[in-house]
Each structure stands twice: as C-alpha cells, then as structure tokens.
Amino acid sequence: MAHVAYEPVIGLEAHCRLLTDSKAFSSDSARFGAGPNAHVDPVSLGHPGTLPVLNQRMVEYTLRMGLATQCRIAPRSVLARKHYFYPDLPKGYQISQYETPICAGGHVDIAVRDRENPEAAPAAKRIGLTRIHMEEDAGRSIHDQDPCDTLLDYNRCGTPLIEIVSEPDLRSPREAYAYMRKIRQIVRYLGISDGNMEEGSLRCDANVSIRPAGSEAFFERTEIKNMNSFRNVERAIEYEISRQIRIVRSGGKVVRQTLLWDAERQETRPMRSKEEAHDYRYFPDPDLPPVFVAEEELDRLRGELPEMPDARRARFVRAWGLPAYDAAILTEERDLADYFEETVRALGPEGGGKGTPGLEADGGAGSSAEGGEKAAHGPVKRVSNMIMGDVLRVLKETGMGIGALPVRPPRLAALARLRLEDRISSTAAQEIFEAMLEREEGPEAIAKERDLMQVSDAGSLAPLVESVLDDHPQQVAAYLGGKESLVGYFIGQAMRRFEGAADPRLVRALLVERLEARRK
Ligand code: ADP
Ligand code: MG
C-alpha cells in the first residue's frame, strides 16, 4: 500500500493576561505575586447581590491589540456568561464574549526561522485571526502543596484576559512556535501584557488535526492544554501530530478530545472529551450593558499606537543601513530598540554620519540608500555590534533588563566614539565596558587610568617605526624588491613594541610611508 503523506493543520487559542491595576469587573488589585487570597472581594468571589463593573482600561488594552493586528472593531459588543462548575470558579460562570467579540478578522505576520539553519533568511507567513475577545480569568487550584487537600487561591479570579483565536492557518509546530513568539512581542510592544508564558500571563491551547498532503478538507481535531513554555508548545504539537499519524496509519480514527501536555514525560494524555458550545449555556450577562466603541476613541487609540516591531525592523534596515539580522535582534524588544537608537543619536552628527537618519526614515530615497551603504561599515554598525555583543551578553548573564543596565546610551556612545577614532583597541573597549558596569566614570577617564589609550599621534610613533625597519634590513630589502605582503610582518613587530597601545591604521600608514622613503 502506498504511504500517504500527512500535513498538520493547527489553530491556536492564546490567552493573555492584561497589565491593568484592577480586575476586569471589580476594584481588587490585579497584580501578580501577592500572598494567597490577598486580592479578593465579594465581586470576584461572585457573592449574591454584587454587581460587576467593566474596567475601562481592559477595553482600551484589548482595542490596542485589535488595532495593532488590523482587526475589525465591533462598535457594539456583548459580554456573555459561560457556565461551568469548577472549584476555582466560585461564581459558577465566567464572564466572556461569545457571539459578538470586540475584535475580529485581523492577522499576525510571522517569520519562521529554520532551527537547523538559523542564519538563513526566515520564511514569512500571514496567519489569520478569527477573533480577539475579553474575558475574566478563574482562580487557581493547587494540587501539590498539601498531602490531602487541593488548595484554592482566588487572587486570579476576575483578572482581565484577552483570548486571541487564530484561523487554522498554521502548518507546522515551528510556525506555531513563531506565532506565539510574535504574539508575545506584540503585547510587549503595546505594553498591555508581559507575555510571560512561564508565569502563566500568556497561555495557549493548540488545536491539531492532520490531513493527506494536498487535501483542502479539515479533519477531526484534538485540543492540547497546559503548555507553559514556547518550546513546549512546539514539542506538544510535534508529539500530537505523530500520535495522530500513528492512529490513522493503523486504521484508527482521531477522536475529538481535550489533552493535557505532560512536560515531564513529554507526551499528551487525555483530560476530557471535548465539550460543545451548547454545554456552556452562554447568554448575555444581564448585569453588564453592551460595550460601545466610538469612532473618535478608536482614532485616538490608533494615534497612540507605538511603531510596531515589523515596521521598526524594516526602518532599521532602510534608515540605519543595518543588516536584516541585526535589525531583527535589535527590535526584538521595544526597550532594546530604544536603547540602540538613543545610543546612535548620542553619537551625534560626527558619529552617526548625517545627524539622525532614522528620524527621517521616509526622506530622500537616494541619500538614504547611500547612507545605508556607508552605515553598514560605520558608526551605526559599530553600535549595533556593541549591543549585540557585550550588552546582550551581560543582560543574559545577569538576567537584567536593558532598563536596569548601568551603562546608559550616552556612555555607550562615548565608548563607541573612542573605538571609532581608534583611540582604544577592541580588547580595551571590552575591558572598559566591563569597568563601566561597576563605575560611573566615562570611558575616557577609565581608559586613561588604566593606560588603555592608544598612541595616535604620528610624532611619537615615527621613531619607533623607524627602529623596527632598522632592525630588519633583510625584510626591508625583500619588501622593496616587490614582496609587499611583508607590511603585515612589520605591523606585527611594531605593535609588539607598542604593546598594542598604538592605532594600527596609523602604524600601517607610517610604515608604508617610511618604506617608500627608503626606495630613494
Ligand atoms: P471551539 O469552540 O471548540 O474552541 P473554535 O471554532 O473556536 O472551536 O476553534 C478553536 C480553534 O480551533 C481555532 O483556533 C481554529 O483555528 C482551530 N481549528 C478549527 N478547525 C480545526 C482543524 N480541523 N484542525 C486544527 N485546528 C482547527
Ligand atoms: Mg475555544
């Protein structure tokens, strides 16, 4: 029998906790990390006689997400009750949106990097969004802290979430990974969530089915829950795809069900048979009026959106002349991109070439292409290298955010300038950077104190260059006889005598000049 090839079909439902001060429908604090049951009041516990009031900030944050992903915004949407029983849901229902989500029909563009070949240009793909709606979170049942009982923490009850439902457009576990990373990047750029999967502020359910490659039909799917890292999203889907292929190949049928990902054993296991929408007895919440969104409010929010990561990355290439790879890394986080641009601006006109070309990104096309050419080897690239090298390394080693780095843009720019003017060597630059993490002085003061400034005036270099030539008459003769590659040898000798503390370009220029002088 011919072996049928299968292709996976994946749709993701992502839940994202919004960074509001108070809860979705009550005034309790929505902050994460307080002691158990420190943030509960009668509304979040669903006591009879209490009334929910919609948090305006929650609506605004949801709209930011909808606008940033090109969704249609519903001028009127409804909050609905979704009923189910669970100990961490004391009201017996969750307030969500059902028939009329506040946002629908947008998209997210992903760039899928090949794990085997990470340097290659990533593949671009557009993933459709079915909807984005608002809902409240449930509390937390803790099963592993008491030998007999399940403990309940209601702090999370009523904290605001958005649910982002994708179209079944994803075709590989890798794309699902890239999609979740992109969702995280977008919510962080927008400042509406920290997008932290490990702490549960970003969660995801993956719907997975398989079909014969080339088929347009959709087949029965399963839903995987409980993946608490980006890597686990990818792994769980990989596992589930092979499980389904095994079932189908052995003549079985995939059954619609909800599965749990067991990260320890790296496998999925059944949790429950899938419930249908009618099981939830959805109906509009009679305690809450519809949500109206005025056109003027949308205009205001649109105007307040930050430059989004894709646009910013493209501008970094176009206006600063950076390689696409650098631009992608520097724009990964909004704070890092700001840090980079502040450093380049702090370099000033003599450093940054012609002022701040990034700000006139859409200005004269000709001049910007030319600027890009130069920038690729110039000051901007130098700043990029420093950030991608020393800065990111320190952030990774210390777990510090860029905002907490003691070396602020002006001092990094001063360091970059010393390097650009060849007044310090690259190893010295590294040493000075490390020192600046501990101290407040500028790089020049540190360089002088540690004797790291390179000798860069011709007057004091010339005698030494002459002495190198005097000491190697045979090599000089060979050079003059046509073996010009020997210039590298002389540079090596000279740099050794200076113990590295000389500007190598100046040394080379002087050497060539003195060698030529010896022809006569
Ligand atoms: P439910 O109400 O059961 O959660 P939805 O229609 O809301 O179902 O779809 C949930 C998710 O399932 C969406 O992200 C959607 O893209 C995805 N999905 C729908 N059909 C399939 C399929 N055949 N294979 C994989 N994913 C699917
Ligand atoms: Mg669903």
Side-chain angles (χ1 to χ4, degrees), residues 6-16 65-66 69 71 74 77-78 80-84 93-110 125-135 138 161-180 182-183 186 202-227 233-234 236-245 247-248 253-261 268 270-283:
Y6 289 95
E7 99 174 334
V9 173
I10 303 154
L12 298 182
E13 296 165 89
H15 290 87
C16 185
M65 186 64 184
T69 52
C71 285
S77 68
V78 169
R81 292 187 180 180
K82 176 181 182 179
H83 298 83
Y84 62 92
Y93 62 86
Q94 177 191 21
I95 304 177
S96 180
Q97 295 197 292
Y98 182 51
E99 277 168 345
T100 53
I102 189 165
C103 311
H107 57 254
V108 167
D109 291 325
I110 58 171
K125 185 165 176 185
R126 175 160 290 185
I127 307 302
L129 296 185
T130 315
R131 57 191 278 159
I132 301 175
H133 68 247
M134 303 181 279
E135 62 185 29
L161 300 178
I162 47 175
E163 176 169 344
I164 307 157
V165 182
S166 87
E167 289 289 297
D169 286 348
L170 298 154
R171 291 290 172 273
S172 71
R174 194 74 193 131
E175 287 184 9
Y177 173 90
Y179 172 86
M180 287 304 293
K182 193 56 179 277
I183 294 284
I186 294 172
L202 181 62
R203 283 168 262 162
C204 141
D205 303 337
N207 296 269
V208 179
S209 64
I210 55 165
R211 64 185 181 190
S215 163
E216 293 288 311
F218 288 122
F219 289 82
E220 193 64 287
R221 67 184 191 258
T222 58
E223 180 170 349
I224 321 168
K225 292 192 179 290
N226 201 36
M227 296 157 290
V233 171
E234 190 176 351
I237 296 173
E238 267 165 19
Y239 178 89
E240 181 56 16
I241 293 168
S242 11
R243 191 187 70 90
Q244 291 187 13
I245 292 179
I247 292 176
V248 174
K253 259 192 142 137
V254 173
V255 189
R256 180 93 186 260
Q257 60 183 336
T258 303
L259 305 162
L260 268 190
W261 170 247
T268 56
M271 178 170 133
R272 56 172 187 246
S273 68
K274 173 72 186 174
E275 63 290 314
E276 304 279 342
H278 62 246
D279 295 327
Y280 290 123
R281 296 293 189 274
Y282 278 103
F283 66 77

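Numbering of ligands and ligand atoms starts at 1, following listing order.
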Closest to atom 20 (N) of ligand 1 (judged by heavy-atom distance), picking from E223, R221, E13, R256:
R221
Please state which option from V9, I164, N207 has its nearest heavy atom closest to atom 17 (C) of ligand 1.
N207
By side-chain hydrogen bond (donor to acceptor under 3.5 Å, both in side chains), E238 pairs with (sequence neighbours left out) none
Is the closest N or O pair between [X] and ligand 1 shorter than 3.5 Å?
| X | value |
| --- | --- |
| S209 | yes |
| F219 | yes |
| V208 | no |

After noting the C-alpha distance and the side-chain angles of M134 and I95, does the key distance pass the side-chain contact (heavy atoms from CB on, under 4.5 Å) rule?
CA-CA 9 Å; M134 303 181 279; I95 304 177; over 6 Å; no
To the nearest 0.5 Å, atom CD of E175 lies from atom CD1 of I127 at 5.5 Å
Answer yes or no: is there a donor N or O on one side and an acceptor on the other, between the side chain of N207 and the main chain of G11, under 3.5 Å?
yes
Taking E135's backbone N and O only, do any of them form a donor-acceptor pair with E163's side chain (distance below 3.5 Å, no angle check)?
no
What do we get for E167 next to ligand 1 when only non-hydrogen atoms under 4.0 Å count, side chain, backbone, both or neither?
backbone
What part of L12 sits under 4.0 Å from ligand 1 if we count only heavy atoms: the side chain, the backbone, both or neither?
backbone
Go through H107 and D169 one step at a time and tell me if the side-chain contact (heavy atoms from CB on, under 4.5 Å) criterion holds.
CA-CA 11 Å; H107 57 254; D169 286 348; over 6 Å; no
H133/Y98 aromatic ring centres below 6.0 Å:
no
Using a strict 4.0 Å cut-off to heavy atoms of V165, name the atoms of ligand 1 that fall inside it.
13 (C), 14 (O)
What atoms of ligand 1 come within less than 4.0 Å of a heavy atom belonging to S166?
13 (C), 14 (O), 15 (C), 16 (O)
With a cutoff of 4.0 Å, is R131 in contact with ligand 1, counting heavy atoms of the residue only?
no
